Amino acid sequence: MRYRDTGNVHKDFHLAMNTSIQYVLRTYGMEFLRELFRRTAQEVYKDIYLSLKRGEWQPLLEHWTYYYDREEGKYTVTKVDGGFIFLVLECPAVRHLKEKQVPLTSDFALQETLINEAWSSGTQFQIRTEILGEGSYRMSVLPRPGRAES
Amino acid sequence: MIPSDHYVRLYNELFKMLGERGQEDLRQYWREISRLQKTILGPFIESDGLRGMYTYWEHIRVEENCKADLKLTEDYFEFRMRKCPSLTKAMDNDAGVYKYYCDHCSGWIAPIMEQYGYHLAYDMISRTEPRCIMRVYKNKEKAEAFLKEARLPARPYGE
């Protein structure tokens with residue numbers, strides 16, 4: 001895994017994430033926000049993106065399990081043929097906003113939908129993000145129809 | 001979820017995108033972050049002035065895993081960063097660090113201090129070394145005197 005943090009966690013960065021999403025949408029619009037997450041997915045998380053292009057989903061699963069565990073999120077993982085389903089039951093970022101009494105809007109979930117969209121773009125996987133409720137979502141990483149198995 | 005640990009790398013990308021549009025776009029964003037941060041830092045300053053800043057940044061030192069020393073005097077509060085986790089992560093980054101990454105700190109802190117009648121004096125030292133010295137003074141002339149001696153004084157709003 002390219003990045004692996006230890007020590008304390010400064011969860012207020014989720015508040016900054018929320019502010020930044022709202023600010024970018026209000027000031028520059030959706031395409032600017034989409035480009036921000038594309039850069040993050042494909043350039044910051046270059047190793048994950050290149051793995052997905054090679055047909056390997058394991059680095060993405062390792063990244064998610066490590067960081068959802070680190071922030072004490074609740075989730076389940078179901079392996080399926082050629083991919084996996086990551087079901088988030090309690091998102092730590094949403095939990096933190098609620099603890100801080102920051103109003104939650106549907107825009108906050110754009111961090112999942114847009115980064116997953118960028119991770120799947122041009123790779124052998126489709127990543128479908130379904131928002132199930134406040135702090136709960138399902139991310140299905142599945143092979144595109146017709147791709148060769150890795 | 002973008003992990004808390006990785007927010008600064010996304011932040012770094014946003015700075016690049018805003019910087020491509022121009023300095024004023026960066027400044028407007030710093031002011032937006034400043035408004036958020038005021039809701040967190042502001043009550044510490046309101047209740048206890050410089051000592052409140054010490055309390056806030058001591059919490060930050062621990063929670064953000066900073067290697068830093070704090071000092072409180074009659075004239076100023078000092079946060080002396082020996083290893084900044086934020087710049088360290090932005091540099092340890094496959095997307096590369098934004099060349100003016102460090103400037104955002106003074107960019108969000110300065111407006112808050114101004115609103116409370118304090119004066120920020122920030123020596124970034126170097127934009128490629130994860131260390132800096134931040135002081136907040138009660139007295140403007142003393143803040144300016146510190147900035148004159150700084151190796152790389154921060155002037156986020158060009159003043």
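Computed from a predicted model, the values in this text were never measured in an experiment. Just so we're on the same page: letters track the sequence lines, and every chain starts at 1.
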Student: Side chains of A:Tyr67 and B:His6: does their closest heavy-atom pair fall under 4.5 Å?
Tutor: yes
Student: Has A:Arg128 got more than 12 heavy atoms of other residues, nucleotides or ligands less than 6.0 Å from its CZ?
Tutor: no
Student: Cation-pi between B:Arg9 and A:Tyr3: NZ/CZ under 6.0 Å from ring centre and within 45° of the ring axis?
Tutor: yes
Student: Given that the side chain runs from C-beta out, which part of A:Glu35 has a heavy atom under 4.5 Å from chain B: side chain, backbone, both or neither?
Tutor: both
Student: Regarding A:Arg39 and B:Glu20, does a basic nitrogen lie under 4.0 Å from an acidic carboxylate oxygen?
Tutor: yes
Student: Rounded to the nearest 0.5 Å, how far apart are OG1 of A:Thr19 and OH of B:Tyr29?
Tutor: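 The OH atom of B:Tyr29 is 8.0 Å from OG1 of A:Thr19, to the nearest 0.5 Å.
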Student: What's the separation between atom OG1 in A:Thr40 and atom OH in B:Tyr7, rounded to the nearest 0.5 Å?
Tutor: 10.0 Å
Student: For the side chain of A:Asn8 and the backbone of B:Asn65, is there at least one donor-acceptor N/O pair under 3.5 Å apart?
Tutor: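 It does not hold such a pair.
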Student: Any non-hydrogen side-chain atom of A:Met17 less than 4.5 Å from a side-chain atom of B:Met1?
Tutor: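 Result no, sub-4.5 Å side-chain heavy-atom pair not found.
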Student: Step through the shown structure and confirm whether more than 12 heavy atoms of other residues, nucleotides or ligands are within 6.0 Å of OH on B:Tyr100.
Tutor: no
Student: So do B:Arg31 and A:Tyr23 actually touch side chain to side chain, heavy atoms under 4.5 Å?
Tutor: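 No - every pair of side-chain heavy atoms lies 4.5 Å or more apart.
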Student: Between B:Lys16 and A:Glu43, is the closest basic N to carboxylate O distance under 4.0 Å?
Tutor: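 Result for this pair is no, no salt bridge flagged.
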Student: Working to the nearest 0.5 angstrom, can you tell me the gap between A:Asp12 CG and B:Gln37 CD?
Tutor: 7.5 Å
Student: Side-chain contact test, heavy atoms from C-beta onward, threshold under 4.5 Å: evaluate it for A:His63 versus B:Pro3 and give yes or no.
Tutor: yes
Student: Start with the C-alpha distance between B:Gln28 and A:Thr27, add both sets of side-chain angles, then the distance that settles side chain to side chain donor-acceptor pair (under 3.5 Å), and finish with yes or no.
Tutor: CA-CA 10 Å; B:Gln28 289 302 320; A:Thr27 311; over 6 Å; no
Student: Taking CD in B:Glu114 as the centre, count heavy atoms belonging to other residues, nucleotides or ligands within less than 6.0 Å. Is the count above 12?
Tutor: no
Student: Which atom pair, heavy atoms only, marks the closest approach of B:Asp5 to A:Glu71?
Tutor: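 Taking every non-hydrogen atom into account, N-OE2, 4.4 Å.
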Student: Is it the side chain or the backbone of B:Leu14 that comes within 4.5 Å of chain A heavy atoms, both, or neither?
Tutor: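 For B:Leu14, heavy atoms of backbone and side chain both lie under 4.5 Å from chain A.
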Student: Does the side chain of A:Val24 reach to within under 4.5 Å of the side chain of B:Met17, using non-hydrogen atoms?
Tutor: no
Student: Contact between B:Ile40 and A:Lys100 at the side-chain level, heavy atoms closer than 4.5 Å - yes or no?
Tutor: no
Student: Which heavy atom in A:Ser20 sits nearest to a heavy atom in B:Ile33, and how many Å separate them?
Tutor: OG-CD1, 4.0 Å
Student: Which atoms of A:Arg38 come close to chain B, meaning under 4.5 Å heavy atom to heavy atom: side chain ones, backbone ones, both, or neither?
Tutor: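 Interface part for A:Arg38: neither.
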Student: Compare every heavy atom of A:Val44 with every heavy atom of B:Glu13, then report the nearest pair and how far apart it is.
Tutor: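 What the structure gives for the nearest pair is CG-CG2, 3.8 Å.
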Student: Where on B:Arg21 is there a heavy atom nearer than 4.5 Å to chain A: the side chain, the backbone, both, or neither?
Tutor: side chain
Student: Taking the side chain as C-beta and beyond, is there a heavy-atom pair between A:Lys11 and B:Ser4 under 4.5 Å?
Tutor: yes
Student: Taking NZ, NE, NH1 and NH2 as the nitrogens, is one of them in B:Asp92 or A:Arg2 under 4.0 Å from a carboxylate oxygen of the other?
Tutor: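 Salt bridge flag = yes for A:Arg2 with B:Asp92.
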Student: Is the shortest side-chain heavy-atom distance between B:Leu10 and A:Gln111 below 4.5 Å?
Tutor: no
Student: Is A:Leu52 reachable from A:Phe37 through a run of I, L, V, M, F, W or Y residues, each pair having side-chain heavy atoms under 4.5 Å apart?
Tutor: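 Yes, it is one cluster - the side chains of A:Phe37 and A:Leu52 are joined through contacts under 4.5 Å.
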Student: Do B:Tyr118 and B:Leu70 belong to the same hydrophobic cluster, where Ile, Leu, Val, Met, Phe, Trp and Tyr are linked whenever their side-chain heavy atoms lie under 4.5 Å apart, directly or via other members?
Tutor: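 They do share one cluster, since a chain of ILVMFWY contacts under 4.5 Å joins B:Tyr118 to B:Leu70.
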Student: Counting heavy-atom pairs closer than 4.5 Å to chain A, which one of B:Thr39, B:Asn12, B:Asp25 comes out on top?
Tutor: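 Looking at each of B:Thr39, B:Asn12, B:Asp25 in turn, B:Asp25 comes out on top.
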Student: Tell me, for B:Val62 versus chain A, whether the close heavy atoms (under 4.5 Å) come from the side chain, the backbone, both or neither.
Tutor: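 Contact with chain A: backbone and side chain both.
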Student: Test of understanding: clusters of I, L, V, M, F, W, Y form through side-chain heavy atoms closer than 4.5 Å, transitively. Do B:Tyr116 and B:Ile109 belong to the same one?
Tutor: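 Result: yes, single cluster for both.
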Student: Given heavy-atom pairs under 4.5 angstrom as the criterion, report whether the side chain, backbone, both or neither of A:Phe108 touches chain B.
Tutor: neither
Student: Answer with yes or no whether the hydrophobic clustering places A:Tyr66 together with A:Ile127; edges join I, L, V, M, F, W, Y residues whose side-chain heavy atoms lie under 4.5 Å apart.
Tutor: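 Result: yes, single cluster for both.
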Student: When you group the ILVMFWY residues by side-chain heavy-atom contacts below 4.5 Å and let the links chain together, are B:Leu147 and B:Leu120 in the same group?
Tutor: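 Unlinked, B:Leu120 and B:Leu147 end up in two clusters.
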Student: Could you measure the distance from the CD1 atom of B:Ile2 to the CD1 atom of A:Ile115? Nearest 0.5 Å is fine.
Tutor: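 Rounded to the nearest 0.5 Å, the CD1-CD1 separation comes to 3.5 Å.
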